[in-house]
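Each chain gets a letter, A, B and so on, in the order its sequence line appears, and its residues count up from 1.
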Number of protein chains: 2
Amino acid sequence: MVSKSEIIEKLKGKQLKVTPQRVAILEACYQLNNHPGAENIIHFIKDHHPHISVGTVYKVLDSLVENKLLKRVKTENGIMRYDAVLSSHHHLYCEETDRIEDYVDVELDSILNNYFRGKKMKNFKIKDIKLQITGKFK
Amino acid sequence: MVSKSEIIEKLKGKQLKVTPQRVAILEACYQLNNHPGAENIIHFIKDHHPHISVGTVYKVLDSLVENKLLKRVKTENGIMRYDAVLSSHHHLYCEETDRIEDYVDVELDSILNNYFRGKKMKNFKIKDIKLQITGKFK
DNA sequence: ATAATTGCAAAAGCTTTGCATGGCC
DNA sequence: GGCCATGCAAAGCTTTTGCAATTAT
């Protein structure tokens with residue numbers, strides 16, 4: 001649970017002006033936990049903020065990504081989705097629906113880190129490693 | 001290198017009618033090795049097949065994915081891309097450009113398989129695990 | 001005060017769809 | 001011959017853009 005004041009602090013920390021729209025959008029991303037797209041965010045916000053504009057939502061999302069308050073989630077259907085959880089984690093992708101859940105596993109992370117520490121890739125500098133696990137929820 | 005006759009066999013093997021368009025599109029996917037999108041495929045094909053229609057390309061790509069002759073690649077910019085390499089491999093994503101390269105590592109695969117064999121996930125049945133390695137080519 | 005952000009609407013991608021025509025089996 | 005695939009153009013959906021009006025600092 002992330003409070004509104006924490007959200008405001010996050011925006012300030014990035015020197016971003018604290019507007020009601022930005023607060024609402026970032027708040028929506030924290031509360032909608034299934035990696036929402038713009039559509040989901042707009043729908044969620046409309047209750048408390050009926051006059052928000054679609055263009056604004058996209059602009060704010062871009063700027064939040066650029067300022068590393070959100071990450072984009074990779075998908076294969078051409079719809080952008082966003083992730084407010086910034087700490088290292090992996091994703092479970094349902095192969096039948098568009099559900100995407102977080103998968104956190106520190107043991108796995110340490111195995112991967114050890115493995116890649118030793119590994120030297122000639123032509124690539126690794127910044128982040130994420131598992132993309134596809135399958136089926138049961 | 002995949003020959004035209006192999007491509008024809010692959011189509012036949014899936015009971016798909018062998019049309020020049022399908023052959024050309026699948027061939028393009030094999031030759032364009034940077035995980036092409038529809039745009040790249042159309043451009044590549046236009047030389048030998050000037051009158052191919054955009055709608056057809058999308059329909060063929062859908063049907064090739066549905067018949068498991070192609071896979072879609074997950075991206076975060078809303079453009080669909082395709083992968084003709086069906087055997088297990090991972091992807092290196094450039095964080096500055098849209099370059100995506102294959103990363104094959106059997107040792108890593110066996111580590112992952114061992115790890116997940118022991119692991120029991122209550123609510124998810126794993127079908128495939130792929131690393132999404134982001135960073136920078138040098 | 002002023003520089004940045006919002007709203008609105010238009011436009012720009014990329015992808016899908018419908019239907020008549022044509023081509024593979 | 002029958003049915004499926006193609007071409008073409010229109011429509012659909014998501015996202016981007018431009019500019020005037022508004023707002024945060």
What residues join B:Ile100 in its hydrophobic cluster, counting side-chain heavy atom gaps under 4.5 Å, either direct or through other members?
B:Val73, B:Tyr93
Only pairs at least two apart or in different chains count here, so list each salt bridge (Lys or Arg N to Asp or Glu O under 4.0 Å) that has a residue in residues 42-59 of chain B.
none
Does B:Lys120 have more than 12 heavy atoms from other residues, nucleotides or ligands lying within 6.0 Å of its NZ?
no
Taking side-chain hydrogen bond (donor to acceptor under 3.5 Å, both in side chains) as the test, write out the residues that go with A:Asn113, two or more places apart.
none
Distance in angstrom units between B:Met80 CE and D:dT15 P, rounded:
11 Å
If you take any heavy atom closer than 4.0 Å to DNA chain C, which residues from residues 56-72 of chain B end up in contact?
B:Tyr58, B:Lys59, B:Asp62
Got a sec: does the NZ of A:Lys138 have more than 12 other heavy atoms crowding it under 6.0 Å?
yes
Do any of residues 36-43 of chain B sit with a heavy atom less than 4.0 Å from DNA chain D, and if so which?
none
Derivation and outcome, side-chain hydrogen bond (donor to acceptor under 3.5 Å, both in side chains), residues B:Glu6 and B:Ser3:
CA-CA 5 Å; B:Glu6 288 176 275; B:Ser3 71; 3.2 Å; yes
Can you pull out every side-chain hydrogen bond (donor to acceptor under 3.5 Å, both in side chains) where at least one residue sits in residues 97-106 of chain A? Sequence neighbours excluded, please.
A:His35-A:Asp102, A:His89-A:Asp102, A:His91-A:Asp102, A:Arg99-A:Glu101, A:Tyr103-A:Asp105, A:Asp105-B:Tyr115
Quick one: which residue pairs count as a salt bridge (Lys or Arg N to Asp or Glu O under 4.0 Å) with a foot in residues 71-95 of chain A, not counting sequence neighbours?
A:Asp62-A:Arg72, A:Lys74-B:Glu76, A:Glu76-B:Lys74, A:Glu95-B:Lys127
Test: salt bridge (Lys or Arg N to Asp or Glu O under 4.0 Å). Region: residues 8-32 of chain A. Which pairs qualify, not counting sequence neighbours?
none
Please check if atom CD in A:Gln31 has more than 12 non-hydrogen atoms from other residues, nucleotides or ligands closer than 6.0 Å.
yes
same_hphob_cluster(B:Val54, B:Ile52) at 4.5 Å side-chain heavy-atom cutoff:
yes
Do A:Leu108 and A:Ile126 land in one hydrophobic cluster if side-chain heavy atoms of ILVMFWY residues count as linked below 4.5 Å?
yes
Outermost DNA chain C nucleotides near chain B [under 4.0 Å, heavy atoms]:
C:dC14 to C:dC25
Set of residues satisfying ring pair (Phe, Tyr, Trp, His ring centres under 6.0 Å) with respect to A:Phe124, sequence neighbours excluded:
B:Phe137
Just wondering, do B:Lys130 and B:Asp128 contact through their side chains at under 4.5 Å, heavy atoms?
yes
Measuring only between side-chain heavy atoms, which start at C-beta, is B:Ile41 closer than 4.5 Å to B:Tyr58?
no
Here the residues of residues 3-31 of chain B within 4.0 Å heavy-atom distance, strictly under, of DNA chain D are B:Lys17, B:Thr19, B:Gln21, B:Arg22
Give me the bend of the helix from C:dA1-D:dT25 to C:dC25-D:dG1, using the axes of the five pairs at each end, rounded to 10°.
40°
